[in-house]
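Since we're looking at a predicted model, the values are computed, not measured. We name chains A, B, ... by the order of the sequence lines, and we start the count at 1 in each one.
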Amino acid sequence: MASFRYALRDTMRLLSRHWGLSALTLLTAASVLYILGFASLFAMNMRYMISRIEGALVVQAYMKRGETADQALELTRSSPNVASVRVISPDEALERLRAKLGNQARAVTLLGENPLPWSLEIQVQKVEHITPLVRDLMVLPSVEEVLYSGKLVERLAVISRASAAVSGVVLLLTLLISTLVIYNTIRIAIYSRKEEIEVMVLIGATPTYISLPFVFQGMILGAGGALLAILGLWSTYSSAVEAVRSTLAFVDIIVDRRLLGQFFIFLFGAGATTGWMCSWIAVHRFTSRGMRSR
Amino acid sequence: MASFRYALRDTMRLLSRHWGLSALTLLTAASVLYILGFASLFAMNMRYMISRIEGALVVQAYMKRGETADQALELTRSSPNVASVRVISPDEALERLRAKLGNQARAVTLLGENPLPWSLEIQVQKVEHITPLVRDLMVLPSVEEVLYSGKLVERLAVISRASAAVSGVVLLLTLLISTLVIYNTIRIAIYSRKEEIEVMVLIGATPTYISLPFVFQGMILGAGGALLAILGLWSTYSSAVEAVRSTLAFVDIIVDRRLLGQFFIFLFGAGATTGWMCSWIAVHRFTSRGMRSR
Amino acid sequence: MDIRLSGVTKIFEPDIVALEDVYLSVDSGEFLYLVGMTGSGKTTLLRLISREYAPTRGQISVGDRNLRKLRQSELPYYRREVGVVFQDFKLLQNLTVFENVAFVLEAMGIPPKLVEGRANEVIDQVGLWRRRFLKPPQLSGGEQQRVAIARAMVNSPSVFLADEPTGNLDMRTSEEIMRLLLSINAAGTTVIVATHDQHLVDSYRQRLVELHNGRTKRDERRGRYFVDGEL
Amino acid sequence: MDIRLSGVTKIFEPDIVALEDVYLSVDSGEFLYLVGMTGSGKTTLLRLISREYAPTRGQISVGDRNLRKLRQSELPYYRREVGVVFQDFKLLQNLTVFENVAFVLEAMGIPPKLVEGRANEVIDQVGLWRRRFLKPPQLSGGEQQRVAIARAMVNSPSVFLADEPTGNLDMRTSEEIMRLLLSINAAGTTVIVATHDQHLVDSYRQRLVELHNGRTKRDERRGRYFVDGEL
Ligand SMILES: Nc1ncnc2c1ncn2[C@@H]1O[C@H](COP(=O)(O)OP(=O)(O)OP(=O)(O)O)[C@@H](O)[C@H]1O
Ligand SMILES: Nc1ncnc2c1ncn2[C@@H]1O[C@H](COP(=O)(O)OP(=O)(O)OP(=O)(O)O)[C@@H](O)[C@H]1O
Ligand SMILES: [Mg+2]
Ligand SMILES: [Mg+2]
């Protein structure tokens with residue numbers, strides 16, 4: 001395919017002969033993709049933290065003395081909002097108590113008959129499932145008391161959820177804006193070649209033949225921009241992880257290399273795709289203008 | 001000045017005859033300024049929250065019985081890190097106790113002689129000033145005990161400070177990127193008129209005369225973009241405030257209209273300034289190229 | 001290919017009548033001068049044939065193609081059969097002489113080896129061999145004009161439209177170009193040359209059509225150049 | 001203003017010698033044809049005078065200005081005294097005929113009222129009154145050329161350089177333009193016209209300088225057009 005080889009050569013021409021324009025476009029793409037990546041990583045970390053906080057939310061239901069946990073267990077199991085439930089027998093509870101007391105564990109042996117009730121440890125899917133669950137459990141005659149982590153964790157969870165929602169909105173906005181900026185930049189860049197494109201049409205080049213180098217160029221600039229952005233993000237994120245580890249050990253941050261790798265690959269793909277699509281749309285306008293006879 | 005009127009007219013020409021380009025540039029400017037504004041508001045709110053949390057950090061120093069607070073007061077006053085300090089006399093302390101106890105306040109009267117010591121309530125400027133202050137106070141012979149809000153608040157403060165640092169970096173990055181994107185966009189847009197600019201130079205127009213309409217155009221597009229961004233930010237922020245008020249009543253968010261107004265004016269100015277400066281730099285390149293004789 | 005215009009009128013918005021009710025029939029392999037004062041409609045006529053413009057009224061057919069019915073997807077292939085020397089050259093400013101000429105062949109999907117041979121041959125014919133790696137802004141007016149001629153003829157089109165191909169050339173170079181056009185014509189290509197060059201028209205007598213205010217005023221077998229009531 | 005070139009050589013990278021050791025002296029108010037084959041250096045010579053190019057060697061002075069010593073800040077003011085008709089017109093494509101012509105005056109800071117009067121006057125002189133609100137892409141080649149002429153003369157420059165001002169014009173319009181140039185010259189302006197137009201040169205005899213391969217080959221008081229060994 002001679003045409004394909006010509007297209008590749010012309011792509012290189014476009015990139016090198018207008019390298020000023022190319023560099024500006026590349027830099028712009030890199031910039032907005034960097035912001036996009038930043039917002040994404042932020043949102044991902046927010047979600048991660050929430051899942052960690054939510055995973056730590058445990059509701060404990062203590063039965064009345066002499067009652068078993070069967071009734072409560074049934075109720076709990078039938079609820080779709082419960083992630084997991086564990087039955088704690090009085091014996092197990094005693095074991096735990098003993099372990100907690102450590103060197104004063106002997107005191108437990110003084111108790112004689114095990115005074116501890118049956119209990120359940122319930123994990124719910126989401127924070128907002130706690131309140132209804134607690135209400136339902138309290139109604140049961142066999143249940144003595146229901147304990148859960150209390151206002152503080154709930155409040156933290158609410159904050160996290162709000163932040164996650166915000167970061168989600170930010171992410172969407174950033175995505176929109178990134179695409180817009182890349183499109184505009186490529187469009188403006190191709191605008192400066194419109195006469196040239198129209199001349200090509202006049203001397204019998206097909207729109208596809210004319211577009212191909214621009215499309216390749218767009219892809220290369222998009223992918224290149226994404227690559228730059230990824231490098232920037234990588235170094236920013238590494239130092240963020242480092243900083244968090246050394247000063248905020250109690251904060252959860254994603255360090256899963258595979259996940260991050262996948263994300264970066266996705267970003268790269270997104271950059272390349274946006275690049276060629278925007279180029280294609282932009283150049284199409286001028287080729288079809290050249291094709292119209294006035 | 002006829003020249004000035006011509007410049008204004010030519011600005012309108014630039015805007016209207018290349019309105020596609022103008023719209024794209026405007027949209028791009030609006031987009032990045034929106035992101036910039038978003039980041040700024042985020043950073044401002046972070047700082048605000050920190051100051052609120054820090055403002056709530058109070059160190060209480062209790063004197064030994066029979067000792068006055070003079071020595072401790074002197075030490076505290078001489079420290080530059082202390083924001084304010086209040087001396088609480090035993091009588092005042094008793095009053096407070098009484099108020100706290102409410103309907104059981106009669107119990108206080110049973111105490112006979114006031115057993116409460118002198119104490120100080122100290123507010124520091126920043127979280128990190130607490131630890132050294134506490135150490136210094138403990139050394140004083142007249143001081144019995146030093147109490148402060150403890151690990152939790154400190155930890156929260158650390159998180160906030162970290163977030164503030166991050167949002168500061170984000171802000172700086174965004175600022176850099178916004179300028180870059182706006183500059184690139186304007187530069188690319190002017191690139192498509194380089195032949196025209198060179199022709200103007202050839203027929204004896206001065207670089208200033210040629211640049212002026214472009215500079216005005218840049219200013220208008222920058223200011224217009226900023227205006228769009230401000231509108232967007234305003235509605236985003238209002239709904240954010242609304243959302244926070246209804247669901248996260250315990251979170252502090254800036255609602256000071258004057259402060260926000262000032263910020264928006266600043267953003268507007270920044271947009272306009274960036275616009276005209278970028279235009280000027282971009283067009284200067286081509287005029288000076290036309291002036292060089294090869 | 002033969003070219004037939006019947007009742008062709010071209011009106012530009014709002015009311016500029018560039019051509020009015022033109023009938024013209026050019027047989028396959030004919031050579032035709034198109035003369036007329038500035039603004040008489042010569043370029044418009046050529047642009048209608050290359051389908052840069054569409055007529056306001058009337059029919060144009062080239063070979064067995066009715067231009068009104070030409071689909072957009074066929075347009076590039078039609079234009080490859082019509083070589084055009086544009087009055088303002090329309091060269092690609094960023095490409096060298098060689099690349100400008102080679103581009104036409106490349107866009108047709110012809111392999112590099114063949115492209116190079118043919119492009120160099122044509123560049124040599126118009127006498128630009130030593131300038132082939134320069135770009136249009138580095139060329140003199142006449143040199144640019146010859147690049148435009150080379151580009152239009154490189155793919156051996158069936159119809160050759162030359163709009164003022166010697167406007168920037170001295171007499172001697174004009175004559176060389178004229179001989180080139182005649183040799184193209186001798187090979188069977190239909191050639192239309194819009195020109196103001198009296199010397200050329202009178203030295204190499206051919207069929208001559210004169211336009212005046214958008215109407216055909218003369219159509220002579222071996223006409224002489226004089227315009228609008230001269231003599 | 002008078003124009004003096006002494007020992008002017010212009011070499012383009014890497015080794016194209018466009019002009020070689022040219023001495024030329026044009027007095028204030030003179031009229032001069034510049035002829036020569038395509039690529040002989042006519043445009044280069046004009047571009048050196050308008051200081052679009054700087055000479056590789058040699059001195060050029062126009063009036064009391066030594067072009068080598070002209071500061072960049074003075075360049076626009078110098079160029080206003082030199083009206084140039086570019087071979088490729090260099091019109092602003094987005095402006096109408098009127099705006100293209102008016103621009104020169106506006107850039108000089110002349111008030112709108114005066115601009116309008118003078119621009120319309122010149123547009124009328126070149127016969128484009130009815131086309132004054134069209135833009136260059138809507139004009140025929142000859143009409144564009146006349147816009148270029150109007151633009152070059154609108155601010156009554158002291159030196160008038162016309163590069164092939166009739167290349168796209170028919171004989172009759174060429175003669176009108178020629179008479180216009182002569183009237184400009186009669187008002188005291190130094191005029192240099194680079195041309196291939198034999199008819200013009202031979203009808204309106206003036207001083208004639210022929211370039212050949214970048215060197216002056218002839219310089220005659222009332223020369224006739226024939227180039228490079230003809231006759
Ligand atoms: N796109 C257009 N819009 C409006 N008017 C146009 C357009 N194209 C051409 N015209 C007008 O149509 C008339 C004929 O133009 P055309 O270019 O065909 O003339 P021409 O014979 O080629 O002249 P020349 O010898 O000067 O090149 C001119 O008066 C011109 O102003
Ligand atoms: N910028 C440049 N770079 C390289 N070579 C150039 C440049 N400008 C002109 N030349 C070369 O210098 C020579 C003289 O060019 P010039 O334009 O002066 O010729 P001319 O006499 O005006 O010809 P024409 O009648 O065709 O317009 C040409 O061969 C041209 O290729
Ligand atoms: Mg024409
Ligand atoms: Mg020339």
Side-chain angles (χ1 to χ4, degrees), chain A residues 1-25 188-217 279-281 283-294, chain C residues 10-13 44 47-56 60 67-68 70-86 88-96 99-115 135-136 148 151-152 154-155 157 161:
Chain A
M1 279 288 295
S3 295
F4 191 74
R5 280 174 53 199
Y6 292 135
L8 282 183
R9 183 205 56 189
D10 288 344
T11 308
M12 291 305 129
R13 260 188 206 159
L14 278 180
L15 287 171
S16 59
R17 294 207 180 148
H18 300 258
W19 68 266
L21 269 185
S22 301
L24 291 176
T25 312
I188 295 175
I190 291 183
Y191 197 91
S192 69
R193 332 248 348 225
K194 73 170 199 285
E195 270 94 22
E196 220 166 305
I197 292 171
E198 285 173 23
V199 169
M200 292 182 188
V201 173
L202 272 184
I203 57 182
T206 60
T208 312
Y209 185 83
I210 297 169
S211 308
L212 224 52
F214 287 99
V215 169
F216 285 162
Q217 175 188 235
S279 275
W280 191 68
I281 297 172
V283 77
H284 177 74
R285 218 177 129 235
F286 294 124
T287 51
S288 67
R289 212 162 77 168
M291 298 282 285
R292 248 195 320 277
S293 43
R294 279 149 298 164
Chain C
K10 178 66 184 175
I11 301 175
F12 291 106
E13 295 298 330
T44 304
R47 281 179 168 170
L48 283 167
I49 296 174
S50 67
R51 206 167 179 281
E52 206 181 318
Y53 289 160
T56 310
I60 304 174
L67 291 199
R68 256 200 203 296
L70 199 68
R71 271 179 294 137
Q72 258 208 3
S73 58
E74 294 172 329
L75 185 56
Y77 304 97
Y78 170 63
R79 284 194 176 146
R80 288 174 193 177
E81 293 185 50
V82 181
V84 184
V85 181
F86 299 94
D88 54 354
F89 314 153
K90 291 199 198 300
L91 300 176
L92 298 174
Q93 303 296 313
N94 296 304
L95 301 186
T96 63
E99 288 163 351
N100 262 289
V101 175
F103 180 85
V104 177
L105 300 173
E106 289 171 359
M108 293 168 72
I110 291 169
K113 276 274 164 54
L114 298 178
V115 168
K135 294 178 182 177
R151 183 180 67 181
V154 70
N155 64 334
L161 309 176

Can you tell me how far the CZ atom of A:Arg193 sits from the CG atom of C:Leu92, to the nearest 0.5 Å? 9.0 Å
Any heavy-atom pair between the side chains of C:Phe86 and A:Val199 that's under 4.5 Å? no
Options C:Ile110, C:Asn155, C:Val84, C:Val104, ranked by heavy-atom pairs under 4.5 Å with chain A, top entry: C:Ile110
With rounding to the nearest 0.5 angstrom, report the CD to CZ distance, C:Glu106 to A:Arg9. 4.0 Å
Specify the closest pair of heavy atoms between A:Arg5 and C:Pro112, including all atoms of both residues, with the distance to one decimal. NH2-CG, 3.7 Å
Check whether any side-chain heavy atom of C:Arg80 sits under 4.5 Å from a side-chain heavy atom of A:Thr206, and report yes or no. yes
State the CZ-CE distance between C:Arg71 and A:Met291, to the nearest 0.5 angstrom. 11.5 Å
So do A:Arg13 and C:Leu95 actually touch side chain to side chain, heavy atoms under 4.5 Å? yes
Rounded to the nearest 0.5 Å, what's the gap from CD1 on A:Ile203 to CZ on C:Arg151? Could you check? 4.5 Å
Counting only non-hydrogen atoms closer than 4.5 Å, does C:Val115 touch chain A with its backbone (N, CA, C, O), its side chain (CB onward), both, or neither? side chain
Where A:Ala205 and C:Ala107 come nearest, the two heavy atoms and their spacing: CB-CB, 3.9 Å
What residue, out of C:Arg51, C:Gln93, C:Met108, has the most heavy-atom pairs lying under 4.5 Å from chain A? C:Arg51
Where is the tightest heavy-atom contact between C:Pro111 and A:Tyr6, given as atom of each residue plus distance? C-OH, 3.2 Å
